[in-house]
Amino acid sequence: MQLFSGIAASPGIALGKLRVVDRRLSVVSEYPIAYNAVASEIERLVRAVEETRVELETLRSRLAETNGEENLLFIEIHQMILADERLVIETTESIRGALINAEGALRRTLLRYREKFARINDPYLSERITDVEMVIERVLLRMAGKTVAPLPDWEEQIIIAAHDFSPADLLQIDRTNVLAIITEIGGQTSHTAILARALDLPAVMGVEGICDFLYDGAVVVVDGVTGAVVVHPDQQTFQAALRRKQQHECEENELLKTAPLPAVTRDGHAMQLRGNVEIPEEGASILRYGGGGVGLYRTEMLFMNRSVMPDEETQFQVYRSMQLAVAPHMLTVRTLDAGGDKLLEGLDHAVEVNPALGMRAIRLSLSMPEEFKKQLRAILRVSSTGPVRIMFPMISGLAELRRAKQLLEESKQELAATGISFDPQVPVGVMIEIPSAVILADLLAREVDFFSVGTNDLIQYTLAIDRSNEQLSHMYHPLHPAVLRSLRRIVQAAHGAGIPACLCGEMAGDPQCLPVLLGLGFDELSMGAGSLLRVKQMLRRCSRERAAVIAEGCFGFSTAADVETYLTAHFNEVTATGDEQ
Ligand code: PEP
Ligand code: MG
């Protein structure tokens, strides 16, 4: 029995025979070249890039026929990476400067990208290196006169392992025979993981070295809930995994049946539950898990991996795909939240001593009004084909909000002048994630249509705890009295002005926090698709009336630990199992 531990990337448990597919080039050798060979090496590189461009275009058209447009964003991202001229320029410089062959030079470019991406703090963004790797792998194969072979059609049910699968692979596999996937690289937020979750395909990623062993044909257990992979399981482990699989499927099926049920408490109080998304592929899971549309569409993804900012039309097309993926429900588009640790290659970010407090989010957008208006016009354009809300990130006060709204007005006028339709009443909201916005919440509430609390940042800025510092994570407390007071103040200010109070930080997806958020009076929660069913289950067990009493009781305590002890003791008063609405 051999045990591996990886990242639980897509839930589900599978048992079956393993097939290892390793389609990488085994070695990419680097060797010196003579000066007079430079031109022909550059030509080989350019030809391979062009052939790869055609290959991706063909793949895109083929997949569009079988899978529909909304799942194709990842191919577009690969096309953008390939179209970034720096890939060829930097590689050409290495060929010429170091006098090496094109493959070796391309590998050096990849290594530089790896270093750059490894320095990004945000796990979602740093994992975009897998997209760059996939594109470069395609070009390298082309130089070797090969192409990425499609996965074979298997006659029997199997589990497949590979160094990596591209999202295109996943769209092409035969779902009746492939039970799960294992990869050596990638993580929770890689596109392949996102797509695996959207396709309900169990996946464990980051299992280093699995392809190096001679496991082809071996029996394997894959646990996409815990991230465990067991090759050659003994009888006992196999039977235990089988029982866990049956139990997991049973629970999931039961939970899935609740997807169409209304999000309402035992005492009849409705709450809007929506999903957080970054790419259109995620839209389908939001609907499958019963979400009422999108409460937070993080648009940063679209601005990554490109040397120039996306134009209005490109943005419009992607926002439209997102809208189609969740139609006819609400799509809440957050304007660009870049800067800080999410640096864009298309922008000349200044080096900052303290980026978390630096030129980021709405400040960055306001510093480049023409780029900002491109995004606003693109969002406005989708407002004519379905319900859309616009949301500004990291608003710290009224002046910023007014300037952003002024640019929105200008964008509307520009569209109107060219006869392009949009919803003139498109709702505008602000994210409340900076303490000054909490303090000014009553003033902000008069000038917007909704609030959405970004607790991830609000907790970080209120408690001065870096949200990504693992050493301080024990002090990062959603139930800290200072956070709870802020939340209460935000809801009161929103309701005082007659606008809804929404919350879209990670806290929204934690069923244990639900009674408090309900009790405080939040109208809407937005979370990752995977949390929707469990949060709704909890909501349906709660009494809104009791939740309000218990939430108020939290304010009698002065430390996070005391609040938690109190909530644990009173949890059963708010929730009741088995007798939901
Ligand atoms: C937040 O800060 O809570 C939030 C939802 O935004 P992000 O995590 O993208 O900063
Ligand atoms: Mg935030």
Side-chain angles (χ1 to χ4, degrees), residues 120-128 188-189 194 272-279 282 286 291 293-304 322 331-344 355-365 375 389-396 400 404 429-438 441 444 450-469 473 476-480 482-484 486-487 490-491 501-510 513 517 522 524-532 535:
I120 302 178
N121 256 337
D122 182 306
Y124 179 79
L125 297 176
S126 74
E127 273 180 29
R128 302 281 67 79
Q188 267 286 340
T189 54
I194 291 169
Q272 187 66 258
L273 301 183
R274 294 190 161 128
N276 294 353
V277 294
E278 318 216 7
I279 52 173
E282 295 173 291
I286 301 288
V294 169
L296 167 64
Y297 173 20
R298 293 179 166 105
T299 53
E300 294 77 75
M301 188 54 221
L302 178 55
F303 293 76
M304 297 298 299
M322 188 71 246
L331 172 63
T332 312
V333 188
R334 178 175 76 181
T335 62
L336 183 62
D337 187 3
D341 56 3
K342 298 180 202 164
L343 300 185
L344 304 183
L357 304 182
M359 180 57 99
R360 51 177 309 194
I362 194 70
R363 300 169 196 171
L364 181 69
S365 293
Q375 178 168 40
R389 299 190 296 194
I390 298 181
M391 182 158 85
F392 300 127
M394 300 203 65
I395 288 286
S396 66
E400 265 169 350
V430 282
M431 289 199 65
I432 304 286
E433 43 189 351
I434 298 183
S436 61
V438 178
L444 287 167
F450 66 98
F451 277 169
S452 191
V453 189
T455 43
N456 305 342
D457 278 314
L458 184 61
I459 297 168
Q460 130 161 309
Y461 292 122
T462 303
L463 305 181
I465 303 282
D466 177 351
R467 63 194 257 189
S468 52
N469 186 334
S473 59
Y476 184 92
H477 260 300
L479 296 175
H480 191 289
V483 176
L484 290 181
S486 298
L487 296 180
I490 296 164
V491 175
C502 318
L503 189 148
C504 62
E506 288 303 300
M507 191 178 181
D510 180 352
C513 290
L517 300 179
F522 277 96
E524 172 183 327
L525 301 179
S526 188
M527 64 206 79
S531 304
L532 279 164
V535 167

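Indexing begins at 1, ligand by ligand and atom by atom, following the structure's order. Numbers here are sequence positions counted from 1.
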Check whether any side-chain heavy atom of [X] lies under 4.5 Å from a side-chain heavy atom of [Y], and answer yes or no.
X      : Y      : result
Asp510 : Pro478 : no
Thr332 : Ser452 : no
Leu302 : Ile279 : no
Val333 : Ile390 : no

query: Can you name the salt bridge (Lys or Arg N to Asp or Glu O under 4.0 Å) partners of Glu524, sequence neighbours left out?
result: Arg274, Arg389

- request: Check the pair Thr455, Glu506 against side-chain hydrogen bond (donor to acceptor under 3.5 Å, both in side chains), reporting the backbone distance first and the verdict last.
  value: CA-CA 7 Å; Thr455 43; Glu506 288 303 300; over 6 Å; no

message: Keeping to distances under 2.8 Å, can you name the protein N/O/S atoms close to the Mg ion (ligand 2)?
response: Glu433 OE1, Asp457 OD2

task: Return yes if some donor-acceptor pair links the side-chain N/O of Asp457 with the main-chain N/O of Ile434 below 3.5 Å, else return no.
output: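 Looks like no, no N/O pair under 3.5 Å.
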
query: Applying a heavy-atom distance cut-off of 4.0 Å, which protein residues contact ligand 1?
result: Leu296, Arg298, Arg334, Asp337, Lys342, Met431, Glu433, Gly454, Thr455, Asn456, Asp457, Arg467, Cys504, Gly505

- request: Decide, yes or no, whether a salt bridge links Asp337 with Arg298 under the criterion of side-chain N to carboxylate O below 4.0 Å.
  value: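 A salt bridge is absent here (no side-chain N lies under 4.0 Å from a carboxylate O).
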
field: side chain to side chain donor-acceptor pair (under 3.5 Å) against Glu433, all qualifying residues, sequence neighbours excluded
entry: none

